[in-house]
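Side chains included, hydrogens not; waters and symmetry mates left out as well; all remaining heavy atoms used. First the proteins, then the strands, lettered A, B, ... as listed; each starts at 1.
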Amino acid sequence: MSVRPVRGTVDLFPDDIRRHRRVIETARDLAELYGFGEIQTPVFEFTEVFARTLGDVSDVVTKEMYTFEDRGGEKITLRPENTAGVARAYISGKLQNELPLKYFYAGPMFRYERPQKGRQRQFHQIGVELFGVPFPSGDVEVIALAAQLLDKLGMRDHCVLNLNTLGDIESRETYRAALVEYFSSHKTRLSSDSLARLDKNPLRILDSKDESDKKVVEGAPSFNEFLTTMASDFFAEVLQGLDELDISYVLNPRLVRGLDYYCHTAFEFVTDALGAQGTVIGGGRYDGLIGIMGGASTPGVGWAGGIERLAMLADQTLPEITTSKPISLIPIGAAAEKKLKQLAYVLRGNGQHVDISFSGNLKRRMQRAGKLGARFALIVGEDELHANKATLRDMESGSQEEIRLQDVVKRLSDL
RNA sequence: GUGCCCAUAGCUCAGUUGGUUAGAGCGCCUGGUUGUGGUCCAGGAGGUCGCCGGUUCAAAUCCGGUUGGGCACCCCA
């Protein structure tokens, strides 16, 4: 058998899990304060849940989905993101009379891509979705939550909030048409990547890194000219709401979304500390999504954050993760071992971190205690047992004292 | 899917213009201590140099291929 993990997947050992956990728990706790309750949706859905909502031309659908047929012949896809799944759950649950609804989630996502720094085929995201609030204050609340989370993770100063508006449907359709017309007249100067984007997602050309493209982009029409007053008013209110909370941002007209159902606010918190994958949290408003999926038209706004990326940043911004140090119980002989196993059970029941090794002589067990960073070792051999005593060793100072066995639980609970 | 870089001990890495037995630090094991860890001292185990083929009297070293990994493009978290 092959003993290596599938390309783009990794095993998360306890140290990795601790790194993830502090990101997830910080986010979950803060989300709870904002009234976002946690939701878990399945890691796979019917393929159409993603295919329909993400659009037929998006990269996610055309080349990144893990799709297979199950034994019943159903087309199944491992979720590449969770907004569609949460929206599906909202529709399935017939929750349209419970609005507004606020959800937080954390879990694995799957995209078939070439792995690189901050990018894997199975990765993990946290995210929030707010359904049923068509007002700019919904966008502001969701962005504020993200900003405050980055603050709690000590990385707000390392991230820049990029903001843009995609306008409403009409604004975007007319702008899109204008862009296609403009770029079509400059086809010869466009890169092959951008020629492909001309059909799929012309807005993307605006963000091209190709030098020749950049020159063409300079002459391209600006979105501002195509925004309806309703759309520009909406965006202005979002900006004002952020100003009122002293949440700083930069306007980035090149920030776009590939997916059709996005509208109005698009935002990304970006850092330069993680190489090319700088987006640490990204999101926006998606008023069209739930309607596309067949639910009663319901506005939505939310974001997702990459746990691996956030954890990497947290390594730089938060203090080193510390773990609790155990008390090591060290028996010598079968009778003492039996006694200490019972004692370990009691101490653990009292909430103490207790280690008792499964085998080894005194020296071996002391080595283990040292390696685990035990603060104290409690040694019980034949001598101690007969005298109804235990030897308590302070592992740091090396000093030892004898205490009575019946005092052990009380004594250790004071440590 | 495309491009660039990399692959030597469990880990991090050295290895000279191709030359005899491939090294270091850390880690691991044993002893110095019949019931005392971490420090210290002495000793030890561990490598078909990713894999396949080629050049050569001779390959870890040069060439081709292949697999795996990393980074970047595309796109995104």
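A14(B): no Watson-Crick or G-U partner with both key distances under 3.5 Å is found in any strand. Across all strands shown, G38(B) has no partner, as no Watson-Crick or G-U wobble contact with both distances under 3.5 Å is found. Base pairing of C29(B): its partner is G43(B), meeting the Watson-Crick or G-U wobble criterion (both donor-acceptor distances under 3.5 Å). Using N1 to N3 plus N6-O4 or O6-N4 for Watson-Crick, or N1-O2 and O6-N3 for G-U wobble, each under 3.5 Å, A9(B) pairs with nothing. Base pairing of U2(B): its partner is A72(B), meeting the Watson-Crick or G-U wobble criterion (both donor-acceptor distances under 3.5 Å).
Note: CD (E81(A)) to C1' (C75(B)) measures 14 Å, nearest angstrom. As rounded to whole Å, 17 Å separates atom C1' of G35(B) from atom CG of L329(A). Between M366(A) atom CE and U39(B) atom P the separation is 13 Å, expressed in whole Å. Regarding L378(A), its CG atom lies at a distance of 17 Å from the P atom of G37(B), rounded to whole Å. The distance from atom CG of N361(A) to atom C1' of U30(B) is 13 Å, rounded to the nearest whole Å. In this entry the distance linking CG of D394(A) with C1' of G37(B) reads 12 Å, nearest Å. Rounded to whole angstrom, the span from the CZ atom of F104(A) across to the P atom of A77(B) amounts to 16 Å. If you measure from atom CD1 of I379(A) to atom C1' of G37(B), you get 9 Å, rounded to the nearest angstrom.
Contact check for T77(A) versus V49(A): no side-chain heavy atoms found under the 4.5 Å cut-off. Inter-residue side-chain proximity for E32(A) and F104(A) is flagged as unmet; no heavy-atom pair is nearer than 4.5 Å.
Counting any heavy atom pair closer than 4.0 Å across all strands shown, A304(A) reaches sugar-phosphate atoms only and no base atom. G373(A) comes within contact range of no nucleotide atom at all, as no heavy-atom separation falls under 4.0 Å. Within 4.0 Å of E396(A), counting heavy atoms only, lies at least one base atom of the nucleic acid. Within 4.0 Å of G127(A), counting heavy atoms only, lies no atom of the nucleic acid at all.
Using P as the reference atom, A9(B) and G23(B) are 14 Å apart when rounded to the nearest Å. Here, A59(B) and G15(B) have their C1' atoms 14 Å apart, quoted to the whole Å. Atom name P, nucleotides G43(B) and A60(B): the rounded distance is 30 Å, in whole Å. Across the C1' atoms, A42(B) and U48(B) are found 32 Å apart, a figure rounded to whole Å. C51(B) and A7(B) are spaced 11 Å apart, taking the C1' atom of each and rounding to whole Å. Using atom P as the reference point in both G38(B) and C29(B), the two lie 10 Å apart (nearest Å). Separating the C1' atom of G53(B) from that of U67(B) is a span of 14 Å, rounded to the nearest Å. Spacing between C28(B) and G10(B) at atom C1', rounded to whole Å, works out to 8 Å.
Only one option out of K75(A), R88(A), R79(A) pairs with E45(A) in a salt bridge (charged side-chain N to carboxylate O under 4.0 Å, His left out); it is R88(A). Residue E308(A) is tested with R19(A), H124(A), R119(A) for a side chain to side chain donor-acceptor pair (under 3.5 Å); the sole match is H124(A). Tested against F269(A), the residues N162(A), L161(A), T279(A) include a single side chain to side chain contact (heavy atoms under 4.5 Å, CB included) partner, L161(A).
Between the base of U36(B) and the side chain of Q367(A) there is no donor-acceptor pair shorter than 3.5 Å. Checked by distance alone, R111(A) brings no side-chain donor or acceptor within 3.5 Å of a matching partner on the base of C75(B). Side-chain atoms of E113(A) and base atoms of A77(B) include a donor and an acceptor less than 3.5 Å apart.
In this structure, the nucleotide among G38(B), A77(B), C73(B) sitting nearest to the side chain of Q277(A) is C73(B). Here the nucleotide nearest the side chain of R393(A), chosen from G35(B), A77(B), G37(B), is G37(B). Out of G35(B), U30(B), A77(B), the shortest distance to the side chain of R364(A) is found at U30(B). Residue I332(A) has its side chain nearest to G35(B) when only A72(B), G35(B), A77(B) are considered. Considering only the side chain of R114(A), G1(B) comes nearest among A77(B), G37(B), G1(B). The nucleotide whose nearest atom lies closest to any side-chain atom of Q125(A) is, among A77(B), G35(B), G68(B), A77(B).
For the OP1/OP2 pair of G69(B) and a distance below 4.0 Å, the side-chain nitrogens and oxygens of R7(A) include at least one atom meeting the criterion. Distances shown here put a side-chain N or O of Q116(A) below 4.0 Å from the OP1 or OP2 atom of A72(B). Look at K371(A) and you'll find a side-chain N or O under 4.0 angstrom from OP1 or OP2 of C28(B). R4(A) has a side-chain polar atom (N or O) that falls below the 4.0 Å cut-off from OP1 or OP2 of G68(B). Of the side-chain N and O atoms in K363(A), none sit less than 4.0 angstrom from OP1 or OP2 of U36(B).
For the residue pair E129(A) and Y90(A), no side-chain donor N or O sits within less than 3.5 Å of a side-chain acceptor on the partner.
Within 6.0 Å of the OH atom in Y249(A), the count of heavy atoms belonging to other residues, nucleotides or ligands exceeds 12.
Judged by closest nucleotide on RNA chain B, L274(A) is the one of L274(A) and I281(A) placed further toward the 5' end.
A donor-acceptor contact shorter than 3.5 Å links the side chain of E384(A) to the backbone of G381(A).
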